[in-house]
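Beneath this line is the structure, given in structure tokens, with notes to follow.
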Amino acid sequence: MRVQARLWPGSVRLLCCAAGLWTTALLAPGPWALLAAPVLGALGFLTLHRHHHLGVGLLVFACLLTTQITALSTARGPEAAVETVGTVIGHSTPGPSGWSRLTLVTATGFTEVLSPEVVADGSRVRMMTERLDDIRLSSDDPRVVREPGGLWQWREVLRDRLREDSLAAGNDGGRLLPGLVVGDTGPQDERMLDDMRVVSLTHVSAVSGSNVTIVSLGAGLLAGFCRAGPRLRVSIGVLTCLGYVFVVGFEPSAIRAAGMAIAAAVVFLRGGGISPVAVMCSTASLLLAFVPVLATSVGFVLSVVSTAAIMFVVPVLMRRLAVHVPFVPAVLVTALVVPLVAQLACTPVLVGIDPRIGLWSVAANALAAPAVLPATVAGFLSLVFTGTATTGLPGPEFAAAFLAWLGSFPAWWIVGVARACASLPGAALDWPTPPVGTLLALGLLAVAAVGTWMLLRRRMWGLPILVLCIVLTAAVVVTVRSKPPGPDWRVLVCDVGQGSGAVINLGDGKGLVIDTGKESKPIDMCLDESGIKEFDLMLSHFDADHFAGYAGTTWGRTIGKLFVSANVADTAEARRVATDTGAEVVATDRGQSLNIGSASVEVLWPPLRPTVGGEDEELRNEDSLVVRVEQDGLSTLLPGDVGEDEQYVLAQGLSPVDVLIAPHHGSSDLAPEFFTAAAPRLGVVSVGENSYGHPTQKSLRAFGPVPVLRTDHCGSVAIYADGHYSTGRGCSEDRR
């Protein structure tokens, strides 16, 4: 026992180093990553004689790492364009750009392809693809060489009927239920998804391990109630899980959820004699070996981290709390401890995805958790009755509709919890961006763990350590917090990432929004900071980075008119925005002057073309609205994405302005004469992380000796009547 006690800490450290090397090599495979496997193998052989189990463990790590790097490279395929043939077994909802991820089973395993068109699951397709980061990209629509079979068509009937029955409930829960039960997130709007993301409930908006676990465990427990033995219980639970995942779709996220659910089913249904940690580690290793694309999946990392934290930490905390606070019901303690531990464990990963932390995430998860079980059970039983109804038996069809309606009410509770918690102060606090933010989160989490452990062992030094952790966390949040504009701002250039969005202050909570960026949340946050509640919307053109975030402008606000170029006023995109926002479309063209509140808006571009409309009109940069806004003696020029030719024409009659927003996010497609004619006193570049090289040094130099502010460095830029400015975060002028 004494020998084991001495060896255990060193073994754990070495295994942790091996696991870290393994994970890092998978997430960022490069030439050096191939050296990780020989290093682990050599360590295994060196320790095999004296520490047999540790040596075997390291050798297993080396073998798995080699297998997974090879499989992951195969799944990614060659750099050059090749023909990919496979069966579509899952797809994502098309994003703002219209592209979707297709999950294919090919001769080399699972492959993900970014496609401009979605085909029915179960179809066998052929397409030309090339590598794009960790997935494949197809520029052409997939060619279907074989239609889905009868089983796939039956599956589609189940999914469609669940969506119809759920939406018939007429509440927000009806829009959430298809996503919660079968991963169909199509009915969910942008605000629902954003509220879920802010309070860390995204695992509820689509199928997660908890949903699959409920279904598989429920089937196994029902078999046990019918006096089935341990092996039969496990078999029924696993088969039910596989059937359920078939209906959900064999996407990597669903496979990951199924793997974790099967692990839980094996542990709980077998009835003892098996190590939960061993099952979880084996499951994670097998999933990575057979589905290598999970190696770069954030969802997989979150699943493993949260499951490990619950298995390792929760039992210890529950035992300690049962001794120190025996008067608190165990159900209540569990409801608070489980989401708290899972949330804290996942925080370093979450801030790596989105550098924000939420004060109400634990509360939201604790309040929403009781509703997941009844919603999942009702939705799954609705699927069962729908499947039975396809045989022609009378009655099941009504039961399926009733169960979907019933399941919408607990789902409605989940949506209400997410919306209420997301609207509270501190729901989304700024945090430093990775890698600094991730390291800070890890360090503070370690300090909190030490303080908690000391308190549980009745060492009072734990209290000041926890207080120190809270103070340091608050200091970080305050340091990186975005600064709101002063009350007398006139123009606010919003930080919307790689895109454009600006707000003109018309006074009394009214404004003019010019472009919205690509995502809904950044423009929503910018409008919250501005205090604008009523506004007109002007869209320069229909590139996604200028208009796709329009839904975020309407959350809790009133929109009046929608100004667009007359050349694109009748396009499908313009009609969609008008329908979704309820705004009145106003077509504009060169030469018009608009009086909008206290602002005078002069439309400088584009000229009205003889023929308008057509499929490609919304993507023409040359049709971008170029407007000059005058208010309180401050003149601002917003040129959209016009290029060199349009800028040269505009320069011939352009008057100087106080502020110039860089055309096309600082692209090198520019005319120096345009910048010279504008002669701004201040330049602003609306830009975010991108692969285009924006802003180019050519565009920055074109501004001349005036200060130039970039939203990716400075955050949102507020400009005042006297020409002064303030920024959302500290930054320096770029005079290159």
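- For Tyr648, the OH atom is loosely surrounded, since the number of other residues' heavy atoms within 6.0 Å does not exceed 12.
- Atom CH2 of Trp605 has more than 12 neighbouring heavy atoms from other residues, nucleotides or ligands inside a 6.0 Å radius.
- In this structure, the side chain of Thr711 engages the main chain of Val687 through a donor-acceptor pair within 3.5 Å.
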Could you walk me through whether Glu646 and Val626 pass the side-chain contact (heavy atoms from CB on, under 4.5 Å) test, one step at a time?
CA-CA 10 Å; Glu646 294 77 37; Val626 178; over 6 Å; no
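- The pair Arg163-Asp160 does not meet the salt-bridge criterion, since no charged nitrogen lies less than 4.0 angstrom from a carboxylate oxygen.
- Between His541 and His546, the ring-plane angle classifies as tilted under the 30° and 60° cut-offs.
- Salt-bridge check for Arg419 with Asp195: passed, with a basic side-chain N closer than 4.0 Å to an acidic carboxylate O.
- For the residue pair His664 and Asp669, no side-chain donor N or O sits within less than 3.5 Å of a side-chain acceptor on the partner.
- In terms of modelled atom types and a separation under 3.5 Å, the side chain of Arg490 and the main chain of Asp488 share a donor-acceptor contact.
- For Asp515 and Ser540, the side-chain atoms include at least one donor-acceptor pair closer than 3.5 Å.
- The number of heavy atoms from other shown groups lying within 6.0 Å of CD (Glu689) does not exceed 12.
- A salt bridge links Asp712 with Arg710: the closest approach of a Lys/Arg side-chain nitrogen to an acidic carboxylate oxygen falls below 4.0 angstrom.
- Residues passing the disulfide bond (SG atoms under 2.5 Å apart) test with Cys421, sequence neighbours excluded: none.
- Using modelled atom types, one side-chain atom of Thr696 and one backbone atom of Ser699 make a donor-acceptor pair closer than 3.5 Å.
- Between Arg191 and Asp524, none of the side-chain N atoms (NZ, or NE/NH1/NH2) sits under 4.0 Å from a carboxylate O, so this pair counts as no salt bridge.
- Asp545 and His665 share a side-chain donor-acceptor pair at under 3.5 Å.
- Within the structure, side chain to side chain donor-acceptor pair (under 3.5 Å) pairs that include any residue of residues 581-597 do not occur (at least two apart or interchain).
- By the ring-ring contact (aromatic ring centres under 6.0 Å, His included) test, Tyr692 pairs with His694, sequence neighbours left out.
- There is a side-chain donor-acceptor pair under 3.5 Å between Thr84 and Thr129.
- For the residue pair Asp658/Ser635, the side-chain donor-acceptor check at 3.5 Å is satisfied.
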Under the side-chain contact (heavy atoms from CB on, under 4.5 Å) criterion, do Val564 and Phe542 qualify, and how do the steps go?
CA-CA 9 Å; Val564 296; Phe542 287 105; 4.0 Å; yes
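- Side-chain contact between Asp645 and Glu622: absent, with no pair of heavy atoms (C-beta onward) separated by less than 4.5 Å.
- For the pair Asp528 and Arg557, the salt-bridge criterion is met [side-chain N within less than 4.0 Å of a carboxylate O].
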